[in-house]
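Only one structure is covered here, and it is reproduced in the block below.
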Amino acid sequence: MVSVVAKTSRPRGIRPTRGYRVFQAVNGVVLTVIVVVTLIPFANIIARSFSAEGPIRAGEVSLWPKGFNLTTYGRVMTDSLFWTNYRNTVVYTVVATAIAMVMTTCYAYVLSKKHLKGRGVLVGIAVFTMFFNGGLIPNYVLVNSLGMRNTIWAIVVPNAINVFNLLVMKAFFESLPTELEEAAAVDGMNTYRTFLWIVLPLSKAVLATMVLFYAVSFWNSWFSAFLYMDRQDLFPVTVYLRNMIVGATTGSDNSSSSDFALQVGANIRAVTVVLTALPIMLIYPFIQRYFVSGVMLGSVKG
Amino acid sequence: MHQLTRRQLLAAAGGAATLVLVGCGSGDENGDQNLDGKRVGAMDDYGVGDQFKAAEALTFSIAILDNPGYPYKADWPFFQELSKRTNIKFDATVIPLSDYNQKRSVMVAAGNAPWIIPKTYHPSEEEYIAGGAVLPVSDYVHLMPHFQDKVKKWNLQPDIDAALKQADGKYYLLPGLHEDAWLDYSLAMRTDILAQLNLQVPTTWDELTTVLRAMKQAHPDVYPLSDRWSTTPEGPGANNLLAHMSDAYDTRAGWDWRAYHWDPGASKFVFPGAMDNYRQILQYLNTLVSEKLMDPESFTQQDDLAKQKFGTGKSFVISTNAQELINSYRKDLTARLPGAKVEKITRLMGPMGATKRQTRLESGVMISKKALDSKNFVAMMQFVDWLWYSDEGQTLAKWGIKDQTFTGSAEEGTLKLASDVDWAGLNPSGSKKLNVDYGYLNGVFAYGGSTKFLNSQFTEEEKKFQEAMAQRKLRPEDPAHPLTPEEREQTTLWATALKDHVNQQSLRFILGQRPLSDWNAYVSELKGKNMDQLIEVHNKAYERFKKEHG
């Protein structure tokens with residue numbers, strides 16, 4: 001990556017060597033192949049989600065919908081429970097990500113300070129939970145006796161700090177030049193203002209990355225909601241769709257002899273993937289530029 | 001800190017043990033007296049045919065499986081009618097069907113389980129017994145007149161003993177009860193091809209060979225039999241076909257596989273994978289494969305592929321159940337091959353003749369031990385008895401209210417859905433769904449019952465199949481031989497290794513990769529994997545249980 005950046009930034013007028021042109025051509029071909037290989041399954045999923053049951057079952061759908069059909073979308077999207085659950089997912093994701101970001105950033109910043117007494121212990125506490133945890137049932141008992149069952153806190157609080165994200169962030173903060181913070185201190189800023197006005201603005205790249213990591217994981221998560229929620233109107237959409245998939249594919253004792261149920265059974269998976277993946281995918285382009293700037297930041301400093 | 005001496009510790013342990021023993025003793029000996037103070041809301045004389053109605057409005061906690069085909073609604077007419085008739089309301093924990101068992105496990109283990117836990121499939125209740133969170137319901141069935149009545153009337157006690165009883169002589173699951181065994185799976189066959197070739201529908205496995213040979217002769221380019229259900233666990237592939245054959249040959253294979261099988265001749269358990277009956281099955285299938293009557297991919301292919309072959313006329317025989325026959329095969333064929341006809345044939349017979357093997361018990365209800373502490377315990381047991389086991393309760397749960405959602409009577413064979421109500425295509429013009437809109441026939445409450453009651457839900461075509469199968473004599477269940485938890489753990493380890501080997505080698509035998517003359521070598525390989533030890537544990541458990549509980 002770094003070598004690419006260095007080479008494209010050479011001054012104009014110097015003609016690229018032959019080797020470099022070959023490299024670029026090969027690079028282009030290889031990357032195109034990778035993109036195609038990654039996108040084909042996704043295109044196939046989208047095509048299936050819009051196809052009729054017959055062609056799907058006959059294995060005739062590849063990249064373009066056959067027998068255009070919206071029954072399954074209709075089935076999913078006319079269900080008021082679907083929208084309730086979708087709203088839950090959005091709320092859980094936003095709240096959980098916000099809380100997780102505050103907690104992780106604060107903890108990571110503290111841990112990045114080498115002069116902090118007991119830093120080793122604090123790191124140890126965090127890392128310990130990476131390798132050991134109470135287990136499913138003790139966690140359930142804990143959440144239950146804290147009275148958090150059937151509330152958003154059961155989803156948000158136990159997952160507020162992801163240790164891996166914490167360590168990445170800590171490493172990032174450690175790499176910031178201490179001179180900046182010293183200068184801020186000389187100018188009279190206290191720790192909190194330094195953190196808020198100096199450190200955080202310089203950390204947009206890592207913050208954006210973490211927001212993305214957290215948001216994606218909360219968006220996709222279903223297990224804690226499934227475990228701690230006892231009512232349908234509290235489930236996130238992931239639980240709803242998971243149940244739909246299993247119900248449609250096991251052909252349980254519902255009235256699945258109708259064409260409607262058969263159609264739903266045939267492409268419910270595809271519809272599900274499209275419906276859940278789409279919103280979170282739309283976030284990527286907006287956060288993308290921070291990734292790039294993050295890379296530049298690292299390469300310029302040296 | 002004060003250091004405990006060894007003697008003190010011993011004394012403490014001894015004391016605790018005594019307490020535990022005393023606790024057990026009192027529970028066993030005067031279980032009935034213990035129910036004093038637990039009768040609030042219960043009916044004083046509640047017997048067969050009585051409508052249960054609690055003396056005061058009560059709420060029982062219950063686990064409800066949420067089936068996305070008919071998502072749970074707290075205001076279903078079913079719940080309203082139920083509460084009108086019985087004075088009972090539910091405090092429901094709604095669990096998605098996708099992961100019902102997992103949540104149930106966590107809740108039971110965490111001591112947070114609802115009182116009533118329906119939809120439990122044996123043997124999954126066994127994992128909770130050691131934890132003590134599940135009620136040994138056998139101690140309390142005297143509170144359940146309808147349950148006892150049906151068990152007696154249909155002679156189900158041996159079935160329950162054989163299937164559910166644990167080493168302590170109790171059982172922990174109230175099973176769904178069927179008057180007769182209900183079989184659904186069989187083979188689907190292209191009857192138009194049979195007619196073309198002037199063939200009768202086969203009734204035995206040997207006749208099937210003849211039919212397949214004739215089909216092959218007329219259509220040399222197809223494999224007449226290409227089977228499915230190969231990716232589901234237990235067997236080596238074509239698991240319905242193997243299960244089906246193992247019934248006809250009296251052994252265990254495919255879906256019906258388990259590591260022990262009762263040999264009535266020798267009065268002991270034997271390992272099915274080493275039985276001569278099992279070898280005969282392999283021999284039979286090997287013949288089909290080697291004569292190219294059966295698609296060798298039958299044992300490995302995905303269901304979709306097998307369905308495609310059948311639906312496009314590339315095979316003529318395939319495993320089926322009532323739903324697949326209509327939803328897949330017939331639908332695919334009418335779309336692609338006009339004039340093609342497909343039917344579910346009566347199960348083929350083998351050396352066992354016109355008999356069948358099938359359990360008459362279905363998934364059932366566990367009761368949380370916590371419920372026993374409640375003053376409403378007796379009322380709850382009476383309620384469970386009424387809803388799941390009385391004719392009125394079963395009718396309400398299944399078909400709803402007479403003259404509102406249905407007319408006629410199931411026992412007289414005249415039951416019909418109301419003109420505006422549909423279920424599973426029984427009344428296609430009905431605009432309302434019996435399960436989605438009313439909450440009846442919703443799987444949590446409705447199962448089991450008399451044969452006539454069950455027949456009321458079938459189409460005419462399926463009824464014919466059921467009638468033919470009802471002619472077959474039901475063979476008795478294997479005798480009870482509950483294992484202790486340690487034995488269960490040990491045998492599971494052995495059985496897993498054995499199953500893998502049996503599956504692997506069965507496939508090789510069938511496909512001709514290993515000659516059947518190698519059979520004896522194969523049996524000694526099984527011996528090397530603790531086959532004899534495994535069977536000995538089962539036989540010892542059988543002797544032990546016979547001695548202790550007759």
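A, B, ... follow the sequence lines: proteins, then strands. Residue 1 opens every chain.
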*Name the region of A:Phe235, side chain, backbone, both or neither, that has any atom closer than 4.5 Å to a heavy atom of chain B.*
side chain

*asked:* Under a 4.5 Å cutoff for heavy-atom pairs, which residue among A:Val239, A:Asn144, A:Leu81 has the most contacts with chain B?
replied: A:Asn144

*Taking the inter-plane angle between the rings of B:Trp229 and B:Trp255 on a 0 to 90° scale, is it parallel (under 30°), tilted (30 to 60°) or perpendicular (over 60°)?*
tilted

*Would you say the side chain of A:Ile125 lies within less than 4.5 Å of the side chain of A:Phe128, judging by non-hydrogen atoms?*
no

*asked:* Quick check: closest heavy atoms across B:Asp437 and B:Pro77, and the distance to 0.1 Å?
replied: O-CD, 3.5 Å

*B:Ala92 portion near chain A, given a 4.5 angstrom heavy-atom threshold*: backbone

*Between B:Ala109 and chain A, which part of the residue has a heavy atom less than 4.5 Å away: side chain, backbone, both or neither?*
both

*Given that the side chain runs from C-beta out, which part of A:Tyr140 has a heavy atom under 4.5 Å from chain B: side chain, backbone, both or neither?*
side chain

*Can you say whether the rings of B:Tyr440 and B:Phe78 are parallel (under 30°), tilted (30 to 60°) or perpendicular (over 60°)?*
perpendicular

*Taking the six-membered ring for Trp and the single ring otherwise, decide whether the centroids of B:Tyr438 and B:Trp76 are under 6.0 Å apart.*
no

*Leading residue by heavy atom contact count with chain A [cutoff under 4.5 Å; candidates B:Ala63, B:Ala110, B:Gly111, B:Pro71]*: B:Ala110

